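Following: one structure in structure tokens, then a few remarks.
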Amino acid sequence: MSENFVQLTDLTLSYGKTVAVPELNLSIAEGELVALLGPSGCGKTTTMRAIAGLLPPTSGRILIDGRDVTRMAANKRGIGLVFQSYALFPHLNAFENVAFGLRLQKMSNDEVQTRTMAGIEKVGLSGFEKRKPAEMSGGQQQRLSLARSLVMEPKVLLLDEPLSNLDARLRLEMRTELQRVQRETGVTMVFVTHDQAEALAMADRIVLMNAGKIEQVGTPEDLYARPETAFAADFIGFENIFHVKDGALVSDAGSLPMTTASDAAILAWRPGGVQVGQGPHQGAVLASSFAGEHREYVIDSALGQIKADAPVGAAAVAIGDTIAFDLPLHTARALDA
Ligand SMILES: Nc1ncnc2c1ncn2[C@@H]1O[C@H](COP(=O)(O)OP(=O)(O)OP(=O)(O)O)[C@@H](O)[C@H]1O
Ligand SMILES: [Mg+2]
């Protein structure tokens, strides 16, 4: 298995004079499921379009399976595409939607039949062959769109926000489906999402992007526990981020003396890492909401708003009341400036 199955080298992508993605470098291994994660406008779709051959790079190189495809036409690259809008043919039934690409390859009818039925089965749609897309649910249409790409046996499958049109429950089901199909086919998958939970749940590796650049690459476990920058920490749920200066935590709103010294430049806490109910600091409760396994508080402190999760067994504190809290070093993530 190749470690550099998809290789992007110094890839610069522009729209006219505007550079959307400057000098991107990324290697994707064969059979890997990689998530491109990042806020709106950070260059996720642009990067996918370049890999697919829909956007010629300004400079740099794209290699797929050892071949330089930088100037190769999209349909020669062995890429499958699945988009947020399923782009199915409305007048064709499920079978014909999946068979469409195979028929273009002048394959025998028997082989089209066999491969189409196998593709439909792979995504769990057996029995739906005669349905038109409009007679199928969102999740079923999404799976049909996946089958249509898979039967072409792409080297790489690119999925751009494939689950964002689905309701919350279907989205969870489709996460598992996509992972299963990926495991069973072994196809290299790159999928785009701006949903950190989706990336953490599905990916072997996450590429976090920020303003056209790669901010951090790592396994979900890595990124979740060890974000390396304030941007990464914030994006992955460390909602309380403060600078450290002269033994105090500092924000735009003010400062709070630290009980234990730290030589970190920046410290970040998840809401779950903030201690509430006891501690050396006090603040007024601005908001309190029940979240099943815990209660979420917004506390007005000398540092501005702090988000803190309290165990649900603890006595609830009313909005407007004062609550004690601590930002303990042992639950903090230290970051460089
Ligand atoms: N056709 C275009 N012409 C000019 N600028 C574009 C074009 N498409 C995208 N851009 C710009 O390029 C940058 C990256 O856009 P891109 O679509 O890659 O973002 P994204 O990460 O996919 O965002 P989203 O999560 O909103 O889909 C943005 O600043 C965007 O405004
Ligand atoms: Mg996009």
Side-chain angles (χ1 to χ4, degrees), residues 6-28 32-62 64 69-71 73-74 77 79-88 138 141-142 145-146 149 154 156-168 170-172 174-175 178 188-203 205-218 220 223 227-237:
V6 178
Q7 204 174 344
L8 312 180
T9 310
D10 297 332
L11 197 63
T12 295
L13 308 170
S14 324
Y15 297 101
K17 287 209 165 79
T18 315
V19 176
V21 173
E23 301 199 5
L24 188 86
N25 287 283
L26 179 65
S27 286
I28 295 168
E32 201 177 17
L33 207 178
V34 168
L36 293 189
L37 175 68
S40 184
C42 72
K44 305 180 296 294
T45 296
T46 302
T47 304
M48 295 286 259
R49 293 184 64 214
I51 300 172
L54 303 173
L55 179 73
T58 311
S59 59
R61 287 202 313 160
I62 303 172
I64 296 175
V69 301
T70 315
R71 303 287 154 202
R77 293 188 182 194
I79 296 274
L81 281 173
V82 176
F83 288 114
Q84 172 183 13
S85 63
Y86 323 121
L88 295 164
Q141 290 180 57
Q142 188 57 270
S145 158
L146 183 61
S149 286
V156 183
L157 191 58
L158 304 177
L159 306 105
D160 194 351
E161 304 264 2
L163 309 183
S164 60
N165 264 347
L166 306 176
D167 69 41
L170 260 181
R171 209 152 52 216
L172 290 182
M174 277 303 291
R175 274 188 197 170
L178 274 178
T188 306
M189 267 195 200
V190 185
F191 79 99
V192 161
T193 181
H194 56 254
D195 179 349
Q196 53 119 336
E198 199 167 288
L200 290 170
M202 289 176 61
R205 213 152 50 104
I206 296 174
V207 177
L208 179 63
M209 294 182 69
N210 174 20
K213 300 195 174 124
I214 294 180
E215 186 80 14
Q216 189 172 343
V217 181
L223 215 64
E228 281 159 12
T229 63
F231 175 88
D234 185 37
F235 203 82
I236 219 77

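Only a predicted model underlies this, so the values are computations on that prediction, with no experimental measurement involved. Counting starts at 1 for both ligands and their atoms, following the listed order. Counting begins at 1 with the first residue of the sequence.
- Panel note: side chain R71, backbone P56; no donor-acceptor pair is recorded below 3.5 Å.
- In this comparison of S14, G38, G41, the heavy atom closest to atom 28 (C) of ligand 1 sits on G41.
- Atom 25 (O) of ligand 1 has K44 NZ, 2.8 Å as its closest protein atom, hydrogens excluded (heavy atom only).
- Side-chain atoms of T46 and Y15, non-hydrogen and from C-beta on, do get closer than 4.5 Å to each other.
- Near T45, the atoms of ligand 1 lying under 4.0 angstrom from a non-hydrogen atom of the residue are 17 (O), 18 (O), 20 (P), 22 (O), 27 (O).
- Per-atom contact check: atom 18 (O) of ligand 1 touches the protein, criterion being a heavy-atom distance below 4.0 Å.
- Listed by number with element, the atoms of ligand 1 under 4.0 Å from a non-hydrogen atom of A20 are 12 (O), 13 (C).
- A heavy-atom distance below 4.5 Å is found between the side chains of L157 and L146.
- Looking only at heavy atoms of the protein, atom 16 (P) of ligand 1 is closest to T46 OG1, 3.4 Å.
- Between A52 and L81 the shortest heavy-atom distance is CB-CD2, 4.0 Å.
- Here the heavy atom of the protein found nearest to atom 8 (N) of ligand 1 is Y15 CZ, 3.3 Å.
- For residue T45, an N/O/S atom approaches the Mg ion (ligand 2) to within less than 2.8 Å.
- V190 has its side chain out of reach of V6: every pair of non-hydrogen atoms, C-beta onward, lies at least 4.5 Å apart.
- When side chains are defined from C-beta on, H194 counts as touching E161, because their heavy atoms get closer than 4.5 Å.
- Of the protein's non-hydrogen atoms, the one nearest atom 26 (O) of ligand 1 is S40 OG, 2.5 Å.
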